[in-house]
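Everything on this sheet refers to the single structure shown next.
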Amino acid sequence: MSQRNRREFLTDVGRSMLVASVGASLAVDMGLSPALAAESAGTLDFGGLEPLVALMQESPADKLLPQLVERLNSGTELKTLVAAGALANARTFGGEDYIGYHTFMALAPAYEMSRQLPAALKPLPVLKVLHRNATRIQAHGGRSKDILQTIIAHDDDLPTDRSAGETLQQLSRNRDVAAAERAFAADVRKEPGEAFNHLQFAMQDEVDVHRVVLCWRAWSTLDLTGMEFAHTLLRQSLRYCLDVENRMYERKYKTSAIRDQLPKLFDQYQLASKPLGTRVPDDAWVESFSLAIFSNSPAQAADAAAAALADGIAPTAIAEALSLAANRLLLHDPGRKEARPDKPVGSVHGDSYGVHASDSANAWRNIARVSSPRNTAASMIVGAYHTAGQSGPMNKEPYPTDEQLAAVTESDPQSQLKALDDAITSKDQFRACAVAARFAQTQTDAQPAFDLLLKYATSEDGALHAEKYYRTVNEEFALARPAFRWRHLAGLARVTASEYGKAAPGYTQAKELLKV
């Protein structure tokens with residue numbers, strides 16, 4: 001592909017379903033009104049949400065929850081609490097604190113969990129995560145240590161000699177925080193959806209779970225906050241990319257090979273000139289492709305994804321194969337060989353291979369779903385690169401084994417659910433996994449099992465990952481073909497048994513306040 005055509009293609013990052021314009025409503029978030037154009041940047045102010053956001057930044061966690069429950073009882077919507085918590089987190093941490101951004105990534109999933117609970121219990125998962133949010137904000141220093149400030153941007157902060165995506169990518173590689181922030185602010189000012197597309201160029205430079213999941217959760221959380229806060233939430237991802245780039249430079253780490261491989265694959269398979277395929281392969285193809293991603297190197301997996309796209313395979317089929325490959329990492333995992341805080345030997349919850357890979361594959365799938373054609377293709381290629389190359393320490397055969405499955409003698413739904421509950425509270429991962437697999441063979445309605453697992457995703461700490469992973473499995477189960485979907489439930493059952501036994505801070509207080 002010629003350089004001219006590449007430039008034209010990269011510039012057209014898609015007038016897609018993401019295009020959204022909010023005009024002057026971004027002024028509060030970005031300091032972009034004409035009257036402010038010559039003024040210095042200052043503290044972010046979130047308008048009508050500001051008092052609640054400030055409360056969440058200024059209150060110790062145990063004192064915050066009673067005030068939040070009082071607001072709920074007075075008519076404040078749970079969605080509003082989540083929105084304020086997300087903005088408080090973003091203003092405090094700016095995508096640069098490990099526990100901070102993990103907590104941010106848990107907020108929208110916690111809200112989705114709440115929607116599956118009975119009315120009296122709905123606030124529990126949200127209050128649990130807001131307690132975690134407040135605890136970390138206070139440890140960070142509260143309002144006095146805000147990372148994000150307003151950005152005063154001008155149109156000429158976004159150069160016109162290259163695409164906005166290329167500009168952000170290059171500024172990220174140059175570790176130029178100030179210029180990157182101004183360019184992104186100017187970009188969001190035009191169209192937040194297009195800015196999200198442009199941000200993907202920097203996102204695709206490296207692969208790690210936090211990079212991609214933070215980006216996706218920032219976008220999805222806009223459903224709760226409103227698009228007027230797009231700049232605040234999305235700039236977390238830009239700053240994350242800049243922070244990683246700086247740390248790699250300081251420690252003399254090599255950059256990922258995907259930086260060079262991605263444009264080469266676009267050229268090799270002429271993906272720029274081809275529309276996205278719509279061919280839906282059969283189950284055998286998805287199974288085979290999943291195994292190839294699981295077994296091969298990152299470079300081989302990226303090439304396979306590009307070849308599949310060139311062959312007209314629908315991106316949704318590739319995304320399902322990535323999800324199944326990630327699930328294989330969980331079901332083949334022998335468990336941790338060394339104990340870590342809150343993660344004993346043999347455990348698979350928290351930042352295990354399978355949980356991380358599943359959350360990543362889910363984020364790549366979702367970004368591909370809402371992005372421009374270019375980013376849909378790139379997300380599948382980079383997602384394949386990301387998922388592959390991790391099977392080295394895995395068992396040859398997955399759990400549950402034939403012996404573990406044969407040991408499940410319960411056949412009716414109620415006895416199976418009781419057996420699953422008993423396995424979880426006994427921390428017997430393999431029994432839980434086997435019961436869930438047997439449930440899949442004898443039942444057609446997965447909701448009772450999900451309801452049981454939701455109880456523990458709400459009550460347990462999960463080493464920062466319980467909410468995200470529960471939401472990931474919910475989504476992947478719903479999207480997967482009947483032949484494959486139950487594997488996700490088996491994986492969730494195993495993780496739930498692994499994480500059982502450490503109640504989440506704030507959970508007991510929330511129950512007492514709600515009188516449940």
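What you see is a predicted model; the values in this text were computed from it and never measured. Throughout, numbering of the chain's residues begins at 1 and tracks the sequence. Side chains included, hydrogens not; waters and symmetry mates left out as well; all remaining heavy atoms used.
Salt bridge status for R132 with E467: present, with a side-chain N to carboxylate O gap under 4.0 Å. Between E476 and R471 no salt bridge is recorded (no basic side-chain N to carboxylate O distance below 4.0 Å). A salt bridge links E181 with R239: at least one charged nitrogen is closer than 4.0 Å to a carboxylate oxygen. Taking 4.0 Å as the cut-off between side-chain N and carboxylate O, E206 and R211 do not count as a salt-bridged pair. Remark: D260 does not engage K264 in a salt bridge, criterion side-chain N to carboxylate O under 4.0 Å. Ion pairing of K190 with D187 is absent here, as no side-chain N (NZ or NE/NH1/NH2) approaches a carboxylate O to less than 4.0 Å. Salt-bridge check for R487 with E320: failed, with every basic side-chain N at 4.0 Å or more from each acidic carboxylate O. Comment: R143 engages E50 in a salt bridge, judged by a side-chain N to carboxylate O separation of less than 4.0 angstrom. The residues E250 and R247 are annotated as not salt-bridged, no charged nitrogen and carboxylate oxygen being separated by less than 4.0 angstrom. In summary, D311 and R279 engage in a salt bridge, as defined by a charged side-chain N under 4.0 Å from a carboxylate O.
In this structure, the separation between NZ on K468 and OG on S360 is 8.5 Å, given to the nearest 0.5 Å. Remark: S220 OG to E112 CD distance equals 8.5 Å, nearest 0.5 Å. Taking CG from L329 and OH from Y353, the interatomic distance works out to 9.5 Å, rounded to the nearest 0.5 Å. We find the CD1-NE2 distance between I99 and H140 to be 12.0 Å, quoted to the nearest 0.5 Å. For the atom pair CD1 of I152 and CG of D157, the computed distance is 10.5 Å after rounding to the nearest 0.5 Å. Going from atom OG1 of T103 over to atom CG of N133 covers 6.0 Å, rounded to the nearest 0.5 Å.
Side-chain rings of H210 and Y98 approach one another, their centers coming within less than 6.0 Å. For H356 and H386, the ring centers are positioned 6.0 Å apart or more. Close placement of the Y240 and Y101 rings is indicated, their centers lying within 6.0 Å of each other.
Between L52 and L68, the closest side-chain pair of non-hydrogen atoms falls below 4.5 Å. Using a 4.5 Å heavy-atom threshold, the side chains of Y111 and T221 count as separate. Annotation: side chain of R369 is not in contact with side chain of S379 (no heavy-atom distance under 4.5 Å). Put simply, the side chain of D146 does not reach to within 4.5 Å of the side chain of L44, judged on heavy atoms. Within the 4.5 Å cutoff, the side chain of Y385 has heavy atoms near those of the S256 side chain. Between F93 and I137 the shortest side-chain heavy-atom distance falls below 4.5 Å. Y469 is listed as a side-chain neighbour of L330, based on a closest heavy-atom distance under 4.5 Å. For the pair L233/L87, a side-chain contact is recorded, criterion being any heavy-atom separation below 4.5 Å from C-beta on.
Across A83 and L49, no two heavy atoms sit closer than the pair CB-CD1, 4.4 Å. Nearest heavy atoms, A183 versus L171: CB-CD1, 3.9 Å. Of all the heavy atoms in H154 and A186, the pair that sits closest is O-CB, 3.5 Å. Contact between L107 and G85 at its shortest, heavy atoms only, is CD1-C, 3.8 Å. Of all heavy-atom pairs spanning S297 and A388, the tightest one is O-CB, 3.7 Å. Contact detail for T150 and G42: the closest heavy-atom pair is OG1-N, 2.6 Å.
Other residues, nucleotides and ligands place no more than 12 heavy atoms under 6.0 Å from the CD atom of E77. Other residues, nucleotides and ligands place no more than 12 heavy atoms under 6.0 Å from the NZ atom of K145. Atom CD of Q67 has more than 12 neighbouring heavy atoms from other residues, nucleotides or ligands inside a 6.0 Å radius. More than 12 non-hydrogen atoms from other residues, nucleotides or ligands lie less than 6.0 angstrom from OH of Y269.
For the pair R217 and F104, the NZ or CZ position fails the cation-pi test of under 6.0 Å to the six-membered ring centre and within 45 degrees of the ring normal.
For the pair Q270 (side chain) and F266 (backbone), a donor-acceptor distance under 3.5 Å is absent. Panel note: side chain R162, backbone T167; no donor-acceptor pair is recorded below 3.5 Å. Here the side chain of N327 pairs no donor or acceptor atom with the backbone of G491 at under 3.5 angstrom. The backbone N or O of G141 sits less than 3.5 Å from a side-chain atom of S144, completing a donor-acceptor pair. With hydrogens and angles ignored, the 3.5 Å screen pairs a side-chain donor or acceptor of K122 with a backbone N or O of L117. Side chain of H465 to main chain of A463: a donor-acceptor pair is present (N/O by atom type, distance under 3.5 Å, no hydrogens or angles). S352 places no side-chain N or O within donor-acceptor distance of the main-chain N or O of H349, the cut-off being under 3.5 Å. Using modelled atom types, no side-chain atom of N174 and backbone atom of D176 make a donor-acceptor pair closer than 3.5 Å. At least one donor-acceptor pair under 3.5 Å links the side chain of Q169 to the backbone N or O of F201. Proximity of a side-chain donor or acceptor of R71 to a complementary backbone N or O of T76 within less than 3.5 Å is not detected.
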| task | Tell me, with the steps shown, if L78 and S114 meet side-chain contact (heavy atoms from CB on, under 4.5 Å). | result | CA-CA 9 Å; L78 192 60; S114 75; 3.6 Å; yes

| request: In sequence, state the C-alpha distance, the side-chain angles, and the governing distance for F184 and I151, and then conclude on side-chain contact (heavy atoms from CB on, under 4.5 Å). | output: CA-CA 10 Å; F184 188 62; I151 296 292; over 6 Å; no

| field | Audit row: S290, R328, side chain to side chain donor-acceptor pair (under 3.5 Å) steps and yes/no | value | CA-CA 9 Å; S290 167; R328 286 180 187 273; 3.2 Å; yes

| Steps toward side-chain contact (heavy atoms from CB on, under 4.5 Å) verdict (I147, E96) | CA-CA 9 Å; I147 294 294; E96 296 180 2; 4.2 Å; yes

| query | side-chain contact (heavy atoms from CB on, under 4.5 Å) between F484 and D283: does it pass, once the steps are laid out? | reply | CA-CA 9 Å; F484 306 130; D283 290 355; 3.9 Å; yes

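Checking R91 against T232 by side-chain atom types alone, no donor-acceptor pair falls below 3.5 Å. Between the side chains of E475 and N362, at least one donor N or O sits under 3.5 Å from an acceptor N or O. Neither side chain, D303 nor Q261, offers a donor N or O lying under 3.5 Å from an acceptor on the other. A donor-acceptor pair shorter than 3.5 Å can be found between the side chains of T92 and Q57.
Test D359, V213, V382 against W364 for side-chain contact (heavy atoms from CB on, under 4.5 Å) and you get one pass: V382. Applying side-chain contact (heavy atoms from CB on, under 4.5 Å) to I318 and the options I293, T376, I313, I381 leaves one that passes, I313.
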